[in-house]
Amino acid sequence: MSYDKVQVGNRIRGSRLEKGWTQERLAAEAEISVQQLRALEKGQRNLGVDHLERLSDAMGVSSDFLLKGCSENSILVCKMLDDLKKKLQPPKQIAEK
């Protein structure tokens, strides 16, 4: 699975809203700035490892879920689906000389 900043931001926002938290509350719980959180939720900023850990711990979700949409129980399924997608992609054409 490839990294999609917008999808990661959507999962952060969705998890925050499920808890009924404001951006200010999550930023305080994760010890990041509100501006950083807003940029992450909008998909305008890459999620670094330090912020990934802080956000996942604060909200009680796995880092895999935030990055890939996978829960800890479905990591194997997500990997299998990713492998299947790769196998189903048409082969790249080799340019003729």
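The figures that follow rest on heavy atoms only: side chains count, while hydrogens, waters and symmetry mates do not.
The closest side-chain heavy-atom distance from E41 to R16 is below 4.5 Å. Between K5 and L47, every side-chain heavy-atom pair lies at or beyond the 4.5 Å cut-off. Two residues are said to be in side-chain contact when any heavy atoms from C-beta on lie closer than 4.5 Å; L66 and M59 meet this criterion. Here the side chains of I12 and L37 are in contact, with some heavy-atom distance below 4.5 Å.
With rounding to the nearest 0.5 Å, the separation of CD in E29 from CD in E24 is 12.5 Å. Taking OG of S33 as the start and NE2 of H51 as the end, the distance is 7.0 Å to the nearest 0.5 Å. Rounding to the nearest 0.5 angstrom, the gap separating the CG atom in N10 from the CG atom in L40 is 12.0 Å. Atom CD in E31 sits 11.5 Å away from atom CG in L26 (nearest 0.5 Å). With values rounded to the nearest 0.5 angstrom, L52 atom CG is found 12.0 Å from N46 atom CG.
At least one donor-acceptor pair closer than 3.5 Å links the side chain of R11 to the backbone N or O of F65. Counting only distance, with no hydrogens or angles, the side chain of S56 and the backbone of E53 share a donor-acceptor pair below 3.5 Å.
Atom CZ of R13 has 12 or fewer heavy atoms from other residues, nucleotides or ligands within 6.0 Å.
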